[in-house]
Colleague: 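Here it is: the structure, laid out below.
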Amino acid sequence: MAKKEALRELQSRLAERLQNARSQADSASWLAVECAGQGVLLPLAQAGEIFSLSPLVPVPHTQPWFVGVANLRGRLHGVVDLSRFLGLAAAGAAPEAGREQSRLIAFNPALDINCALLVDRLAGLRSAEQLQGDDDGQARPAFAGPRYIDAAGRRWQALQLATLAADETFLKVTR
């Protein structure tokens, strides 16, 4: 029971910090998440609400990274396993055994897409002041933003959710 209360408190603090960060448009800020052990940054302005993992209804004959449909606050959302979509986890791999830290992150309603991303865990918020550019010169898809490195030496890949929402491969399944 104490774990659930601590998790609720963490989510509450994170939601409050998320709201405060959204109101500060001066500098870039991101929601940091982990997918298959990799750090991913989602722009706060493009991310929507964060949900606990809810029951998913599988959809047959879809891509392996499209894990199903979830009812989030009375609206149906397609759910994409972000680690599989990015190729960080094998398409045939079984879902991670311990999903208690997994979360669904909906796209901002302004992006007009009823979709949520399944991530392994939340890693807090990051601001531009906490990160330095880390360009390795590798080609990336259009929705992949810059790479960063934090003070601890951890690498983070920024994603542009607005560009991802318009990506042809992504749209074939989520719309």
Side-chain angles (χ1 to χ4, degrees), residues 7 10-11 13-15 17-19 21-22 27-53 56 63-68 70 72 77-91 93 95-108 110-111 113-171 173-174:
L7 181 59
L10 173 68
Q11 285 179 313
R13 284 194 320 262
L14 185 57
R17 287 180 60 201
L18 185 65
Q19 186 61 34
R22 281 187 178 144
S27 65
S29 53
W30 299 273
L31 174 62
V33 300
E34 288 187 8
C35 295
Q38 302 294 313
V40 178
L41 300 171
L42 306 175
L44 288 178
Q46 298 172 17
E49 192 170 351
I50 300 169
F51 298 92
S52 295
L53 189 58
L56 300 174
Q63 296 293 331
W65 43 263
F66 188 81
V67 292
L72 305 176
H77 285 69
V79 178
V80 171
D81 184 332
L82 187 58
S83 60
R84 287 184 183 182
F85 180 79
L86 296 176
L88 301 173
E96 188 179 312
R99 286 276 194 195
E100 58 273 349
Q101 292 187 9
S102 295
R103 295 290 176 265
L104 297 175
I105 301 170
F107 281 66
N108 187 307
L111 297 177
I113 184 169
N114 284 0
C115 184
L117 300 174
L118 173 63
V119 299
D120 294 338
R121 91 178 183 85
L122 300 175
L125 299 174
R126 301 293 185 275
S127 67
E129 294 80 29
Q130 297 173 303
L131 303 167
Q132 292 184 329
D134 183 39
D135 184 19
D136 60 4
Q138 292 184 358
R140 291 187 178 74
F143 57 82
R147 286 181 51 102
Y148 296 98
I149 190 166
D150 64 18
R154 176 134 193 220
R155 287 181 164 60
W156 296 90
Q157 175 63 58
L159 296 183
Q160 298 301 321
L161 296 181
T163 307
L164 179 61
D167 182 78
E168 189 174 316
T169 303
F170 193 78
L171 283 175
V173 176
T174 57

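Keep in mind that what you see is a predicted model, and the values were worked out from it rather than measured.
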Colleague: So, for V119 and C35, which heavy atoms are closest and what is the spacing to 0.1 Å?
Modeller: CG1-SG, 3.9 Å
Colleague: Just do the side-chain contact (heavy atoms from CB on, under 4.5 Å) check on L31 and L41 with the steps written out, would you?
Modeller: CA-CA 6 Å; L31 174 62; L41 300 171; over 6 Å; no
Colleague: Which atom pair, heavy atoms only, marks the closest approach of A162 to L111?
Modeller: CB-CD2, 3.7 Å
Colleague: Mark yes or no for whether Q46, through its side chain, and P43, through its backbone, hold a donor-acceptor pair below 3.5 Å.
Modeller: no
Colleague: Just to verify, what does W156 make a side chain to side chain donor-acceptor pair (under 3.5 Å) with, not counting sequence neighbours?
Modeller: D150
Colleague: Are a donor atom and an acceptor atom from the side chains of Q157 and R140 found within less than 3.5 Å of each other?
Modeller: yes
Colleague: Sub-3.5 Å donor-acceptor pair from the side chain of R147 to the main-chain atoms of A144, do we have one?
Modeller: no
Colleague: Classify the angle between the aromatic ring planes of W65 and F85 as parallel (below 30°), tilted (30 to 60°) or perpendicular (above 60°).
Modeller: perpendicular
Colleague: Check the pair L82 / L159 against side-chain contact (heavy atoms from CB on, under 4.5 Å), numbers first and verdict last.
Modeller: CA-CA 11 Å; L82 187 58; L159 296 183; 4.0 Å; yes
Colleague: With a 4.0 Å cut-off on N to O distance, would you call R103 and E34 a salt bridge?
Modeller: no
Colleague: Should L86 and F143 count as side-chain neighbours, where that means a heavy-atom distance under 4.5 Å?
Modeller: yes
Colleague: Kindly indicate whether the side chain of L53, heavy atoms from C-beta on, has any atom under 4.5 Å from the side chain of L104.
Modeller: yes
Colleague: May I ask you to decide if R121's main-chain N or O and Q101's side chain share a donor-acceptor pair within less than 3.5 Å?
Modeller: no
Colleague: Side chains of L164 and F107: closer than 4.5 Å at any heavy-atom pair?
Modeller: yes
Colleague: Walk me through it: do L122 and I105 pass the test side-chain contact (heavy atoms from CB on, under 4.5 Å)?
Modeller: CA-CA 10 Å; L122 300 175; I105 301 170; 4.1 Å; yes
Colleague: How far does CZ of F170 sit from OG1 of T163, to the nearest 0.5 angstrom?
Modeller: 12.0 Å
Colleague: Apply ring-ring contact (aromatic ring centres under 6.0 Å, His included) to Y148 and list each qualifying residue two or more places apart in sequence or on a separate chain.
Modeller: W30
Colleague: Mind listing the closest non-hydrogen atom pair of S83 and D81 along with its distance?
Modeller: OG-OD1, 2.7 Å
Colleague: Minimum heavy-atom separation for A70 to L56, with atom names?
Modeller: CB-CD2, 3.6 Å
Colleague: Strictly by salt bridge (charged side-chain N to carboxylate O under 4.0 Å, His left out), give each pair with a member in residues 155-167 just once, sequence neighbours left out.
Modeller: D134-R155
Colleague: How long is the gap from CD on Q160 to CG on L42, to the nearest 0.5 Å?
Modeller: 10.0 Å
Colleague: Nearest 0.5 Å, please: how far is CD in Q130 from OG in S127?
Modeller: 4.0 Å
Colleague: Would you find a donor on one side and an acceptor on the other, under 3.5 Å apart, between the side chain of D120 and the backbone of A36?
Modeller: yes
Colleague: Do you know the tightest heavy-atom contact between L72 and A116?
Modeller: CD1-CB, 4.0 Å
Colleague: For side-chain contact (heavy atoms from CB on, under 4.5 Å), just list the numbers for V79 and C115, CA-CA rounded to whole Å, side-chain angles, deciding distance to a tenth of an Å, and then say yes or no.
Modeller: CA-CA 6 Å; V79 178; C115 184; over 6 Å; no
